[in-house]
Amino acid sequence: MAGEAQRVIEQFWAIQDEGDYTKLAPLFAEDAVVEDPVWGTYNGREAILGFMTTMVKEMGERQIHFTVDKICGDDHACWARWTMHSPEGSRGGCGIYKVANGQLTYYRDYMDPPVEA
């Protein structure tokens, strides 16, 4: 049976699949932290909303979208294996998440190294 963290992350990915990342902001606690390997660290829901607004624009322009491959978690922590799809090809990665009181408190992505041709 899925725990609270897994349920929140399943909701996160259902929203992300729609392409409007700004709709993810309410899932984050007021003092949440997002660490993105490309774009940096964002502290607090307001900063995270700004980051998500940038992501809508950037991912749209770059024709990038993500699909989730596997989600696994308990009541406090969760991980998700995902694939990034772009015109240049696909690349895998993993997100780690911490959840408290039904809201994300921490989120960080890790990307697989690029495949060398």
Side-chain angles (χ1 to χ4, degrees):
M1 188 163 112
E4 178 184 39
Q6 182 168 334
R7 286 191 297 274
V8 170
I9 301 314
E10 287 170 350
Q11 182 182 9
F12 175 97
W13 277 95
I15 293 168
Q16 181 164 291
D17 284 350
E18 295 172 4
D20 185 352
Y21 302 156
T22 62
K23 292 181 180 177
L24 297 169
L27 296 180
F28 288 89
E30 285 291 339
D31 60 349
V33 175
V34 170
E35 294 177 350
D36 185 272
V38 175
W39 296 88
T41 300
Y42 300 87
N43 294 289
R45 186 186 295 150
E46 200 64 34
I48 293 167
L49 175 58
F51 169 59
M52 295 301 176
T53 301
T54 299
M55 287 299 93
V56 170
K57 179 179 181 288
E58 292 291 328
M59 297 302 105
E61 288 177 0
R62 298 174 189 203
Q63 300 175 26
I64 294 173
H65 73 279
F66 296 84
T67 54
V68 69
D69 304 314
K70 174 83 175 158
I71 299 173
C72 185
D74 59 19
D75 284 333
H76 309 286
C78 188
W79 60 265
R81 181 85 179 129
W82 47 259
T83 303
M84 177 186 75
H85 307 274
S86 74
E88 290 79 40
S90 297
R91 187 172 176 186
C94 185
I96 59 168
Y97 315 85
K98 286 174 64 178
V99 172
N101 301 315
Q103 291 188 305
L104 278 154
T105 59
Y106 179 79
Y107 168 31
R108 177 170 175 112
D109 277 327
Y110 295 88
M111 287 190 289
D112 294 348
V115 177
E116 299 204 11

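Computation of the quantities below employed the complete heavy-atom set of this structure, encompassing side-chain atoms and omitting hydrogens, waters and symmetry-equivalent molecules.
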Item to complete: Please lay out, stage by stage, how Ile48 and Met52 fare under the test side chain to side chain contact (heavy atoms under 4.5 Å, CB included).
Response: CA-CA 6 Å; Ile48 293 167; Met52 295 301 176; 4.1 Å; yes
Kindly give the heavy-atom pair with the smallest separation between [X] and [Y], and that separation in Å.
| X | Y | answer |
| --- | --- | --- |
| Val8 | Gly102 | CG2-O, 3.6 Å |
| Phe12 | Phe28 | CE1-CZ, 4.1 Å |
| Val38 | Asp36 | N-OD1, 2.9 Å |
| Phe66 | Asp17 | O-OD1, 3.8 Å |
| Glu4 | Asn101 | OE2-C, 3.6 Å |
| Arg91 | Pro114 | NH2-CD, 3.4 Å |

Item to complete: Start with the C-alpha gap between Lys70 and Trp82, add the side-chain angles, then the distance that decides, and say whether side chain to side chain contact (heavy atoms under 4.5 Å, CB included) holds.
Response: CA-CA 7 Å; Lys70 174 83 175 158; Trp82 47 259; over 6 Å; no
Any residue meeting side-chain contact (heavy atoms from CB on, under 4.5 Å) with [X], in chain and number order, not counting sequence neighbours:
| X | value |
| --- | --- |
| Thr53 | Thr22, Leu49 |
| Val68 | Trp13, Ile71, Ala80 |
| Thr67 | His65, Asp69, Thr83, His85 |
| Asp112 | Arg81 |

Worksheet item: Are Val99 and Thr105 side-chain neighbours, meaning at least one heavy-atom pair lies under 4.5 Å?
Response: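 No - every pair of side-chain heavy atoms lies 4.5 Å or more apart.
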Item to complete: Go through the steps to decide whether Tyr107 and Tyr42 satisfy the test side chain to side chain contact (heavy atoms under 4.5 Å, CB included), and finish with yes or no.
Response: CA-CA 10 Å; Tyr107 168 31; Tyr42 300 87; over 6 Å; no
Item to complete: In sequence, state the C-alpha distance, the side-chain angles, and the governing distance for His76 and Lys98, and then conclude on side chain to side chain contact (heavy atoms under 4.5 Å, CB included).
Response: CA-CA 6 Å; His76 309 286; Lys98 286 174 64 178; over 6 Å; no
With hydrophobic residues grouped by side-chain heavy-atom distances under 4.5 Å, do [X] and [Y] end up in a single group?
| X | Y | result |
| --- | --- | --- |
| Ile15 | Met84 | yes |
| Val34 | Met111 | yes |
| Phe51 | Ile64 | yes |

Item to complete: Any side chain to side chain donor-acceptor pair (under 3.5 Å) involving residues 24-35? Give me the pairs, sequence neighbours left out, ordered by first then second residue.
Response: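 Every side chain to side chain donor-acceptor pair (under 3.5 Å) pair that includes a residue of residues 24-35, provided the two are not neighbours, is Glu30-Arg45, Glu35-Tyr106, Glu35-Arg108.
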Worksheet item: Roughly how far, to the nearest 0.5 Å, is the OG atom of Ser86 from the CD atom of Gln63?
Response: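 Answer rounded to 0.5 Å: 9.0 Å.
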Worksheet item: Taking atom SG of Cys78 and atom OH of Tyr97, what is their separation to the nearest 0.5 Å?
Response: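 The distance works out to 7.0 Å.
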Discussion item. Give me each pair satisfying salt bridge (charged side-chain N to carboxylate O under 4.0 Å, His left out) with a member in residues 53-67, each pair once, sequence neighbours excluded.
Written reply: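 For residues 53-67, and leaving out neighbouring residues, the salt bridge (charged side-chain N to carboxylate O under 4.0 Å, His left out) pairs sorted by first residue read Lys57-Glu61, Glu58-Arg62.
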